[in-house]
Protein chains: 2
Amino acid sequence: MATPRRVGAETSETRALLLDRAEELMLEEGYAAVTYRGLASRAGVTGGLVQYYFPVLDDLFVALLQRRSERNIERLQAALELRPDEPLRIVWEFSSDETSAALLTEFIALANHRKTIRAAILDVIKRTRSAQLQVLKQRWDEYPAMDGLSPEALLFLLHGIPKMVLLEEAVGMSSGHRDVLRFVEERLDTLEPRRKPARRP
Amino acid sequence: MATPRRVGAETSETRALLLDRAEELMLEEGYAAVTYRGLASRAGVTGGLVQYYFPVLDDLFVALLQRRSERNIERLQAALELRPDEPLRIVWEFSSDETSAALLTEFIALANHRKTIRAAILDVIKRTRSAQLQVLKQRWDEYPAMDGLSPEALLFLLHGIPKMVLLEEAVGMSSGHRDVLRFVEERLDTLEPRRKPARRP
DNA sequence: GTCTATACGGCGATAGAC
DNA sequence: GTCTATCGCCGTATAGAC
């Protein structure tokens, strides 16, 4: 067997800095721009040092994905505590976040044929969906009949529609987007009436 | 300006062979496996020859995308001629095709930060959607009220939901999929009644 | 624990010979 | 129409200095 490779501590400030810069780089230029040499020069360190913290490049991507995911779930739960009476709208708004969608798209692209990243992204999606589902089910009886739509199916739509809209917009497509968003939001207004008056068109 | 680079004819059989092998390679191992050297060895030629037909690798991807798209639109229109009374279900089934979805995912991933591919994919999506929309609008008056859903919005959903399902399944996620597919299909049965009896659960 | 230096083979792309 | 040589960048591995 090989000599155990030395790896930097997870508590290192340098490591955190590298993750920050890597996330920027990924958003600005895509995952293909996240290279040892490119990230190193952006962070003002050597390529070898980046490798010291992330021996394989996928290690960096997985760490990035998990850090993002933890922050997102915290953000979600903070919103749910603040507005416990409108979980549907919170899920809807949460899935409409552009930065997260852009990063998720990058990761899905990466995951396509790299199994360590696929496993990481599956874990992240499952955890997020599960946190949302828990809240949804809790108030499920208070909603009127859903025409046979299960909580899981509704959650899929509340998550999937904004994501698909953002995915299409990333390539410049926009047909039907405005209409479908308005369609869903009208139904949300029925299910979770707003206190404030609706904005004028 | 640079010297005009020599490029192989589009009618070349070698070129067609390379596109066939490239599509296989892309489906089996992802776009990252489509390299000059890799494709060359799979097709039994040299890397230089692949470059003769596709000077930049993106040229190959764009050619692949366009060839697929033309075949898909032909397939779509053949189905519409065969079953002119159920355009909604045809769009729905068309968007549920796994091979096309897998390739589209690869291309969307590629398009993320490569503008020539983004332009090509936008063109392809617009052409496909436009062909579908034309048929939908033609029979729009025959459908009952859609609760304010425009043809464009309905088309977005009929296309987007199966695509999102396939996208999630590609990473191993499946929560709510069965429910949401059944939900939509029940509505399709109402809008476009089947002649044959429905299958038993 | 942190970090540097160096080497290897594969990659896209170019220029030009047969 | 086909193929070779070459360039600079990539991920990765290793050896060793502080």
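Numbered from 1 within each chain, the chains take letters A, B, ... in sequence-line order.
Within the 4.0 angstrom heavy-atom criterion, only backbone atoms of the sugar-phosphate kind lie near Thr14(A); the bases stay farther away. Within 4.0 Å (heavy atoms only), Phe54(A) reaches no atom of the nucleic acid at all.
We find that Lys126(A) and Asp123(A) are not joined by a salt bridge, their nearest charged nitrogen and carboxylate oxygen being 4.0 Å or further apart. Taking 4.0 Å as the cut-off between side-chain N and carboxylate O, Glu93(A) and Arg83(A) count as a salt-bridged pair. Checked for salt-bridge contact, Glu185(B) and Arg182(B) miss the test: no charged N lies under 4.0 Å from a carboxylate O. The existence of a salt bridge linking Arg67(A) and Asp20(A) is confirmed by a sub-4.0 Å separation between a basic side-chain nitrogen and an acidic carboxylate oxygen. Salt bridge annotation for Arg75(A)-Glu70(A): absent, with no cationic side-chain nitrogen under 4.0 angstrom from a carboxylate oxygen. At a threshold of 4.0 Å, the pair Arg139(B)-Glu142(B) counts as salt-bridged, since one of the basic side-chain nitrogens sits closer than that to a carboxylate oxygen.
At dT14(C), one or more side-chain N or O atoms of Arg5(B) fall inside 4.0 Å of OP1 or OP2 (strictly under the cut-off).
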Open item on the list: How would you summarise protein contacts on nucleotides 3-11 of chain D per nucleotide, using B for base, S for sugar-phosphate only and - for none, with heavy-atom distances below 4.0 Å?
Closed with: BB-----BB

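Put simply, CG on Asp59(A) is 14 Å from C1' on dA13(D), counting in whole angstrom units.
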